[in-house]
Enquirer: 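Input: one structure, supplied below.
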Amino acid sequence: MNMLSACILVLGALSGPAAKVSLGPSGTRVAILPVLNLSNETWQEKQVKQAEMATEELTDLFKERDFKTFDPQQVTAAIHSLKIDPP
């Protein structure tokens, strides 16, 4: 499953029944998928920290632009329930 399909499935699972469509950021909820660090970094702890920092930065950027974001635990639960695995 490619990342775009995964994003669409996660958003669908989180939004529930037909949600009202809003084109502006203040009416849009975004599911931030965890960033995968696929670098060749040999130090596992550093690789995990970099991925966490990238996910936090991405979340902050969406929030700065008035997007609402789903709780990370909701996103993780949807990812697991949809059986979406990292590449």
Side-chain angles (χ1 to χ4, degrees):
M1 172 178 302
N2 68 36
M3 188 56 75
L4 179 58
S5 298
C7 291
I8 292 169
L9 283 172
V10 169
L11 287 172
L14 290 172
S15 63
K20 181 180 175 185
V21 176
S22 172
L23 300 178
S26 62
T28 304
R29 259 179 112 183
V30 180
I32 306 294
L33 299 177
V35 173
L36 298 175
N37 186 344
L38 302 177
S39 70
N40 291 327
E41 177 62 54
T42 56
W43 189 21
Q44 182 67 25
E45 185 178 310
K46 184 176 181 182
Q47 191 176 27
V48 169
K49 184 66 176 169
Q50 288 172 340
E52 289 171 352
M53 289 172 56
T55 302
E56 288 174 19
E57 181 66 21
L58 188 57
T59 302
D60 291 344
L61 289 171
F62 272 97
K63 286 182 177 181
E64 285 173 10
R65 288 162 178 79
D66 292 328
F67 285 90
K68 293 178 179 74
T69 59
F70 285 96
D71 182 66
Q73 287 78 21
Q74 288 179 297
V75 175
T76 301
I79 288 170
H80 290 298
S81 72
L82 295 168
K83 296 180 171 86
I84 298 172
D85 294 328

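For reference, positions follow the sequence shown, starting with 1.
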Enquirer: Against Met53, only a single residue in Lys49, Gln50, Glu57 fulfils side-chain contact (heavy atoms from CB on, under 4.5 Å); can you say which?
Expert: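 Checked Lys49, Gln50, Glu57 against Met53; only one passes side-chain contact (heavy atoms from CB on, under 4.5 Å): Lys49.
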Enquirer: When rounded to the nearest 0.5 angstrom, what distance separates CG in Leu36 from CD in Gln47?
Expert: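 Leu36 atom CG to Gln47 atom CD measures 9.5 Å (nearest 0.5 Å).
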Enquirer: Distance-only, no hydrogens or angles: does the Ser81 side chain make a donor-acceptor pair with backbone N or O of Ala78 under 3.5 Å?
Expert: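 Looks like yes, one N/O pair under 3.5 Å.
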Enquirer: If I take atom CG from residue Leu82 and atom CD1 from residue Ile84, how far apart are they, to the nearest 0.5 angstrom?
Expert: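 Interatomic distance, Leu82 CG to Ile84 CD1, rounded to 0.5 Å: 4.5 Å.
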Enquirer: Please determine whether residues Val35 and Val75 belong to a single hydrophobic cluster, defined as Ile, Leu, Val, Met, Phe, Trp and Tyr linked transitively by side-chain heavy-atom distances below 4.5 Å.
Expert: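 Val35 does not cluster with Val75.
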Enquirer: Below 3.5 Å, can you tabulate the donor-acceptor pairs from side chains in residues 59-66 to any protein atom, sequence neighbours excluded?
Expert:
residue: Thr59; atom: OG1; partner: Thr55; partner atom: O; Å: 2.9
residue: Arg65; atom: NH1; partner: Leu61; partner atom: O; Å: 3.1

Enquirer: Are any of the side-chain heavy atoms of Val30 and Ile32 separated by less than 4.5 Å?
Expert: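 A side-chain contact under 4.5 Å exists here.
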